[in-house]
Each structure stands twice: as C-alpha cells, then as structure tokens.
Amino acid sequence: MEEKIIKKKRIFSGIQPSGELTLGSYMGAIKNWVALQDEYECLYCIVDMHAITVRQDPALLRRRSVAQLAQYIACGLDPQKNIMFIQSHVPQHAELGWVLGCYTQFGELSRMTQFKAKSQQHADNITSGLFTYPVLMAADILLYQADLVPVGEDQRQHVELCRDIAQRFNGVYSDTFTVPESFIPKMGARVMSLGNPENKMSKSDPDGCVFLMDKPEDIMRKFKRAVTDCEMAVKYDKVNKAGISNLLTIYCAATGKTLEEAEAEFEGQGYGVFKPAVGEAVVELMRPIREESERIMKDKAYLESVYKEGAAHAQYLANKTLSKVYRKIGFVAR
Ligand code: TYM
C-alpha cells in the first residue's frame, strides 16, 4: 500500500473510549487535531487498550469506541485526510509496548502524576497495566515516527517520558525513533471542573463535566450552576478566582476571543449574565457536532469502513518501525 502523503510531518494522538468525549478533551486536544490536519499527516486513534487499565463494561466500551469515531468525524476530522483507527486493531502497539517496557525504569513510571492520581481513585484495582500505561502510550507515538503530539496539559509528562525512552533507545541502537514534541494549546490546555474549579474537568466527575453529546438544556444548567466566588467582577485571576478564570478560558476557547476582549465585554455585568453567556457559547459550539455525530452514528457500515481502512494503513506504517526495532535488538527475522 502507498503512503498517503510522504513529505508532511506526522502527528499521532488518541483519546480513551473510557467515557463520553468531554469539553476538556475537545478544547485540549481535538480542536487542535482539526486545525492541524491539513499541515500534517495525522493518525488519530481510539485507544481502547489504554481504557482497560481500569475496569470497563464490555458492551459500553464497544459502543463508545465506535461512537468516538463518529464524534471525531463530527468535530471536523476528515477520514480522507487522516488515518483514524482503533488501537486494538493494530497489534504492533502491544508488541512495541513490550519492547519499550524493557527500556523504561520502574522509577520513571513511579513518578507519573497520572498514575499516582488514578491509583488513588482505583485503590482496590491497581494493575500493572495502569502502571505501565505510559509505555504503551510511548509505543503509540514512536511506532509512527510522530513529530508532534497534540494533547492537553495533563499529558505533557507522558510525552516527556516518551521522548526519554526514544532518546535512550536511539542512544543504544543508533537512530531508530523520531523524538516527538508535545503540542499544547494556549487556551483550553487544562479545562477545570465546573463544580470544583481546583480539579481538572474529567469524565469521572459528571456534574462538573460537560460532554460533547450533552443536550443544550443540560449544558446551560451545568454552566448556570458553575461554582464561582462571591465577588462581582468578570476578571481573569487564576489564584483567587479559579471558577471565573476557568469560565473565561472556556468562553475564549469557544468564541476565539482574547481574555481582554472577553473581560471588556462583561465589564460591569454580574455572573448572572456571564455564566449563561458562556453556556450559550458552548451550546452553539457543540450543537453542530452533536447533530452531525447522531447522523453519522446511524451509518454503521460507513464507520466500519473508516476504521478498517485506518487500521490497514496504520499497520503498514507500524510494521516498518517494528521490523526495524526487532532487527536492531537482535530478534531472528520471521
Ligand atoms: P485522555 O483520554 O484522558 O484525554 C484525551 C485528550 O484530552 C485532553 N484532556 C483535556 N484537555 C484539557 N482540559 C481537560 N480537562 C482535559 N481532559 C482531557 C488530554 O490531555 C488528552 O490530550 N493517555 C492519553 C491517551 C493516549 C494518547 C496516546 C495521547 C494514549 N496514547 C498517544 C496522545 C498520544 C489519555 O489518557 O488521554
């Protein structure tokens, strides 16, 4: 099979189908994926193997994996331009993951803040998969020789570790992997919970979290109830006004306005005007995505053709790297 585009730099990124897509994952990641799809050769993945690091309901996982693809497309990712696929359809991820695990230190993995947080959340089920999760993530990226990894702020540390693993491997066996860079947006890199603006917006906290598929009335209700402070001023101050600062960031990411423009727009107006205005901006941003996604979801044959073609193309690229790696480390050719 021919490679679609040869000269462009390459992007890899993915999202776990462990819940519905959130406004956080949209603003932190997908928005940039859409913006970068013409400039780069992009692989956008549904990382179901990462999702099983915590317990999943099998029927839900299956449904969400396909729904997530529909939502990627509804957000504006063109399957003609991008390679879109499901991680478990490309076994090379697991194969390279095993190899890279042999070049990653226990101490490095112990320092991952996401592992520390998740092992607290799932204290009764801290699996070795949860611990070695960042190694699989490094395999995802390095398998495709990706130059750029567009993610939210919470994934920066994992991409750093991926770079360290790549450099270490290259140091031992000569240049094998492209050392990737993370690409983190200026606005929306860390969308905070509406209910508790000290915490990241996350699918595990449904009240503080806006989902891409939420109905307009639910989105409005969540924004009207968003926790703020007892002052009146719509001003960006992350330390003293975490809630308002988060809402301002969301408003700016949704409308493309700058913080200064947004502050000026709401000067002298109370939170009773500001909060619904943010809600409306998000409703308008999400409406076409939800409608388009519902339409695409009805066409299962189309979705299947997209993920099958994506996996075939991804496997072709992945094999090139994996056979190089196997040769370098001394495995006998099959
Ligand atoms: P995941 O599935 O938790 O999140 C998907 C993407 O959304 C971003 N994100 C956010 N950005 C801003 N504010 C938030 N509140 C917010 N919540 C989530 C995340 O930073 C991420 O970009 N390990 C990854 C998935 C992964 C991956 C990869 C990413 C697996 N392999 C290879 C890039 C490359 C994860 O758990 O993301």
Side-chain angles (χ1 to χ4, degrees), residues 10-34 36 42-54 56 61 64-65 68 71-72 75 85-88 90 93-94 96-97 100 109 112-115 117-118 121 129-130 132-163 165-166 180-206 208-212 246 249-250 253-254 314 318:
R10 206 173 269 166
I11 277 181
F12 182 95
S13 198
I15 299 180
Q16 302 185 60
S18 52
E20 301 298 320
L21 289 182
T22 70
L23 185 64
S25 47
Y26 179 79
M27 291 185 161
I30 301 175
K31 203 164 164 250
N32 274 331
W33 301 1
V34 176
L36 296 166
C42 307
L43 294 108
Y44 293 126
C45 191
I46 293 145
V47 290
D48 54 350
M49 288 159 66
H50 278 97
I52 62 160
T53 53
V54 301
Q56 300 294 329
L61 179 63
R64 278 181 180 148
S65 298
Q68 193 165 304
Q71 289 168 27
Y72 281 1
C75 285
F85 68 104
I86 299 174
Q87 188 184 28
S88 62
V90 182
H93 289 245
L96 183 63
L100 297 182
L109 292 173
M112 294 294 116
T113 50
Q114 186 169 306
F115 171 71
K118 284 209 173 175
Q121 269 171 29
L130 190 64
T132 57
Y133 173 116
V135 178
L136 181 61
M137 178 162 162
D140 297 341
I141 299 166
L142 300 182
L143 205 43
Y144 301 101
Q145 308 289 351
D147 300 279
L148 205 66
V149 185
V151 284
E153 180 61 45
D154 63 337
Q155 296 300 318
R156 186 194 290 276
Q157 195 186 28
H158 290 161
V159 180
E160 282 300 316
L161 177 65
C162 172
R163 289 170 56 86
I165 298 172
E181 309 249 349
S182 52
F183 185 96
I184 295 171
K186 287 204 178 71
M187 201 61 90
R190 192 171 170 80
V191 178
M192 307 309 278
S193 160
L194 299 184
N196 182 355
E198 307 294 329
N199 291 342
K200 187 186 78 168
M201 180 181 280
S202 132
K203 41 201 159 195
S204 55
D205 155 37
C209 183
V210 176
F211 297 97
L212 253 59
N246 186 39
T249 310
I250 293 173

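As the structure lists them, so they are numbered: ligands from 1, and atoms in each ligand from 1. Heavy-atom basis, side chains included; hydrogens, waters and symmetry copies ignored.
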Checking the N or O distance criterion of under 3.5 Å, is ligand 1 in contact with Phe12? no
List the steps and the verdict of side chain to side chain contact (heavy atoms under 4.5 Å, CB included) for Arg156 and Val151. CA-CA 7 Å; Arg156 186 194 290 276; Val151 284; over 6 Å; no
Between Val54 and Leu130, is any pair of side-chain heavy atoms under 4.5 Å apart? yes
Between the side chains of Gln16 and Tyr133, is a donor N or O closer than 3.5 angstrom to an acceptor N or O? yes
Less than 4.0 Å is my threshold; does some heavy atom of Pro134 fall inside it relative to ligand 1? no
Can you figure out which of Tyr144, Tyr133, Tyr26 has its heavy atom closest to atom 23 (N) of ligand 1? Tyr133
Quick one: does Met27 get a heavy atom under 4.0 Å from ligand 1? no
Could you label the plane-to-plane angle of the Trp33 and Tyr72 rings as parallel, tilted or perpendicular, counting under 30° as parallel and over 60° as perpendicular? perpendicular
Test your reading of the model: is there a side-chain donor-acceptor pair from Thr22 to the backbone of Gly24, 3.5 Å cut-off? yes
Any nitrogen or oxygen of Thr22, side chain or backbone, less than 3.5 Å from one on ligand 1? no
Considering Asn32, Asp154, Val151, Thr53 one by one, which has a heavy atom nearer to atom 19 (C) of ligand 1 than any of the others? Asp154
Looking only at protein heavy atoms, identify the closest one to atom 26 (C) of ligand 1 and say how far it is in Å. Gly14 O, 3.8 Å
For Lys203, the ligand 1 atoms whose distance to one of its heavy atoms is below 4.0 Å: 2 (O)
Atoms of ligand 1 under 4.0 Å from any heavy atom of Val149, numbered from 1 in the order shown, are 33 (C), 34 (C)
So which protein heavy atom does atom 13 (N) of ligand 1 come closest to, and at what separation? Val191 N, 2.8 Å
Could you find the nearest protein heavy atom to atom 17 (N) of ligand 1 and give me its residue, atom name and distance? Met201 O, 3.9 Å
Options Ile46, Ile250, Ile15, ranked by nearest heavy atom to atom 4 (O) of ligand 1, top entry: Ile15
Heavy-atom distances under 4.0 Å are what count here, so tell me which part of Gln16 touches ligand 1: side chain, backbone, both or neither. both
Is the contact between Ala29 and ligand 1 made by the side chain, the backbone, both, or neither, using heavy atoms and a 4.0 Å cut-off? side chain
For Gly28, the ligand 1 atoms whose distance to one of its heavy atoms is below 4.0 Å: 11 (N), 12 (C)
Taking only Lys NZ, Arg NE, NH1 and NH2, and the carboxylate oxygens of Asp or Glu, determine whether Glu20 and Arg64 approach each other closer than 4.0 Å. yes
Relative to the ring of His93, is the ring of Tyr144 parallel (under 30°), tilted (30 to 60°) or perpendicular (over 60°)? tilted
Just how far is it from atom CG of Leu96 to atom CG of Asp140, taken to the nearest 0.5 Å? 9.0 Å
Per-atom filter on ligand 1: closer than 4.0 angstrom to a heavy atom of Gly188 are 12 (C)
Which atom of Pro185 lies closest to which atom of Met27, heavy atoms considered: CG-O, 3.8 Å
Does a side-chain heavy-atom distance below 4.5 Å link Cys162 with Val135? no
Who's the nearest protein heavy-atom neighbour of atom 37 (O) of ligand 1, and how far? Gln155 NE2, 3.7 Å
Between ligand 1 and Arg156, can you find any atom pair, the residue atom being a heavy atom, that is separated by under 4.0 Å? no
Indicate whether the side chain of Ser193 and that of Asn199 have a donor and an acceptor atom separated by less than 3.5 Å. no
d(Glu181 CD, Ile11 CD1) to nearest 0.5 Å is 12.0 Å
Relative to the heavy atoms of Asp140, which atoms of ligand 1 are at a distance of less than 4.0 Å? 28 (C), 30 (C), 31 (N), 32 (C)
Regarding ligand 1, does Gly24 bring an N or O atom to under 3.5 Å of one of the ligand's N or O atoms? yes
Selection from Gly152, Ala253, Gly19, Ala189 by shortest heavy-atom distance to atom 12 (C) of ligand 1: Ala189
Evaluate the criterion side chain to side chain contact (heavy atoms under 4.5 Å, CB included) for residue pair Lys200 and Asp154; output intermediate values, then yes/no. CA-CA 9 Å; Lys200 187 186 78 168; Asp154 63 337; 2.7 Å; yes
